[in-house]
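Have a look at the structure below before the remarks.
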Amino acid sequence: MDCSNATVVEKYETFLNEVLKRDLLILNQQRDQFHIEIAEYIELKDVLNKLNKLNKEESLKTQVDLGHNFYCEAVINQSQYIFVDLGLGCHLELTVPEALDFIEKKIKYLETRVKPLTDKVLSQKARIKIYLEGLRHLQNIPANK
């Protein structure tokens with residue numbers, strides 16, 4: 001490999017590592033945030049379904065995450081109304097059926113936001129593969145069969 005070819009390979013490697021792989025990491029992190037939020041809403045939905053099955057006189061013992069995996073016990077005496085985070089720091093008091101309806105809609109919305117990110121991740125992975133193939137060709141490395 002001559003000197004000019006080596007500089008081209010170096011530029012390709014730099015672009016691959018500093019731009020394409022970094023962008024892939026950012027896209028994956030964004031997509032993972034949506035998956036985390038979806039998982040939280042699914043967990044809330046499960047809890048609300050359990051609350052819905054209780055008699056009005058029964059209380060429910062649970063553990064509440066205060067943050068950083070620090071839990072405390074809680075007893076829910078009255079479960080007619082709950083506060084749901086609508087997003088952007090806005091909370092609304094809803095009945096359990098209203099909250100379940102909202103959660104279903106929110107999960108569907110979040111899933112529509114995940115799909116384009118997944119497509120971008122796949123596209124970015126394809127770009128990386130093309131660049132790797134170009135590097136292999138520039139360095140005269142035979143293809144794996």
Please lay out, stage by stage, how T95 and Y81 fare under the test side-chain contact (heavy atoms from CB on, under 4.5 Å). CA-CA 4 Å; T95 64; Y81 294 96; 3.5 Å; yes
Tell me whether [X] shares a hydrophobic cluster with [Y], the cluster being built from Ile, Leu, Val, Met, Phe, Trp, Tyr side chains joined at under 4.5 Å.
X    : Y    : result
I130 : L138 : no
Y41  : L100 : yes
V84  : V47  : no
L25  : F34  : no

Nearest 0.5 Å, what's the [atom1]-[atom2] distance between [X] and [Y]?
X    : Y    : atom1 : atom2 : answer
Q124 : I26  : CD    : CD1   : 9.5 Å
I82  : L44  : CD1   : CG    : 5.5 Å
L110 : T112 : CG    : OG1   : 7.5 Å
R127 : K120 : CZ    : NZ    : 10.0 Å
F102 : I107 : CZ    : CD1   : 10.0 Å
R113 : E37  : CZ    : CD    : 9.5 Å

Tell me which donor-acceptor pairs under 3.5 Å the side chains of residues 11-24 have, and how far apart each pair is, sequence neighbours excluded?
| from | atom 1 | to | atom 2 | distance (Å) |
| --- | --- | --- | --- | --- |
| T14 | OG1 | E10 | O | 2.8 |
| N17 | ND2 | E13 | O | 3.1 |
| R22 | NH1 | E18 | O | 3.3 |

Closest approach of A99 and L94, non-hydrogen atoms and distance?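 In this case the closest contact between A99 and L94 is CA-CD1, 3.8 Å.
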What are the two closest non-hydrogen atoms of C90 and D85, and how far apart are they?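 So the minimum-distance heavy-atom pair works out to O-OD1, 3.3 Å.
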Just to verify, what does K45 make a salt bridge (charged side-chain N to carboxylate O under 4.0 Å, His left out) with, not counting sequence neighbours?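 K45: salt bridge (charged side-chain N to carboxylate O under 4.0 Å, His left out) contacts with E104.
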[X] vs [Y] side-chain heavy atoms within contact, under 4.5 Å:
X   : Y    : value
I38 : E111 : yes
R31 : H35  : yes
Q30 : L27  : yes

Other residues, nucleotides, ligands: >12 heavy atoms within 6.0 Å of Q63 CD: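 Yes.
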Side-chain donor/acceptor of R136 to backbone N/O of I141, under 3.5 Å: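 Present.
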Indicate yes or no: does K50 engage D46 in a salt bridge with an N to O separation below 4.0 Å.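 Between D46 and K50 there is no salt bridge, as every charged N stays at least 4.0 Å from the carboxylate O atoms.
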